[in-house]
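Report on one structure; see the data block that follows.
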Amino acid sequence: MEKTLRVIVEKCPQNHPCPSVRVCPVGALSQVDFQAPTVDHGKCIRCGKCSNFCPKKALVLE
Ligand code: SF4
């Protein structure tokens, strides 16, 4: 079954620029102010880079 990237909003402190936005190779993550990032599922290639990078484990591929 194909995995989907999910944002666990409760794990994101939402008080800083999301570092994972910059590691996404296809620009699928975006962030408004310091809110939890959102995923453009049409762009996401499910590479897992952002979920490995997020120190709070708020991005999960499942
Ligand atoms: S899984 Fe990869 S392509 Fe998808 S949002 Fe994360 S870094 Fe970007």
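For the pair Q31 (side chain) and H16 (backbone), a donor-acceptor distance under 3.5 Å is present.
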Determine, step by step, whether T4 and H41 satisfy the side chain to side chain contact (heavy atoms under 4.5 Å, CB included) criterion, reporting the C-alpha distance in whole Å, the side-chain angles of both residues, the deciding distance to 0.1 Å, and the verdict. CA-CA 8 Å; T4 304; H41 292 285; 3.6 Å; yes

Between I8 and L59, does the side chain to side chain contact (heavy atoms under 4.5 Å, CB included) criterion hold? Intermediate values first, please. CA-CA 6 Å; I8 316 289; L59 295 160; over 6 Å; no

Check the pair E62, K3 against salt bridge (charged side-chain N to carboxylate O under 4.0 Å, His left out), reporting the backbone distance first and the verdict last. CA-CA 5 Å; E62 59 181 22; K3 292 186 172 184; over 6 Å; no

Would you please test V39 and V7 for side chain to side chain contact (heavy atoms under 4.5 Å, CB included) and show each step? CA-CA 8 Å; V39 192; V7 181; 3.6 Å; yes

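Residue-environment remark: NZ (K57) exceeds the threshold of 12 foreign heavy atoms within 6.0 Å.
Nearest heavy-atom pair, V23 versus C50, reported as atom, atom and distance to 0.1 Å: CG2-CA, 3.9 Å. Among all heavy-atom pairs drawn from Q14 and A36, the shortest one is OE1-N, 3.1 Å. For the pair K56 and K11, the tightest heavy-atom approach, listed with the atom from each and the gap, is CB-O, 3.4 Å. Nearest heavy-atom pair, P37 versus V21, reported as atom, atom and distance to 0.1 Å: CB-CG2, 4.4 Å.
Residues that satisfy the side-chain hydrogen bond (donor to acceptor under 3.5 Å, both in side chains) test with S30, not counting sequence neighbours, are T38.
Every pair tested for salt bridge (charged side-chain N to carboxylate O under 4.0 Å, His left out) that includes a residue from residues 25-43 fails, sequence neighbours excluded, so the list is empty.
Note on E2 versus R46: salt bridge recorded, some NZ/NE/NH1/NH2 to OD/OE distance being below 4.0 Å.
Here the straight-line distance linking atom SG of C18 with atom CZ of F53 works out to 9.0 Å at 0.5 Å rounding. Going from atom SG of C44 over to atom CG of L61 covers 6.5 Å, rounded to the nearest 0.5 Å. If you take NZ on K49 and OG on S20, they are separated by 12.0 Å, rounding to the nearest 0.5 Å.
Under the 4.5 angstrom side-chain criterion for Ile, Leu, Val, Met, Phe, Trp and Tyr, the cluster partners of I45 are V26.
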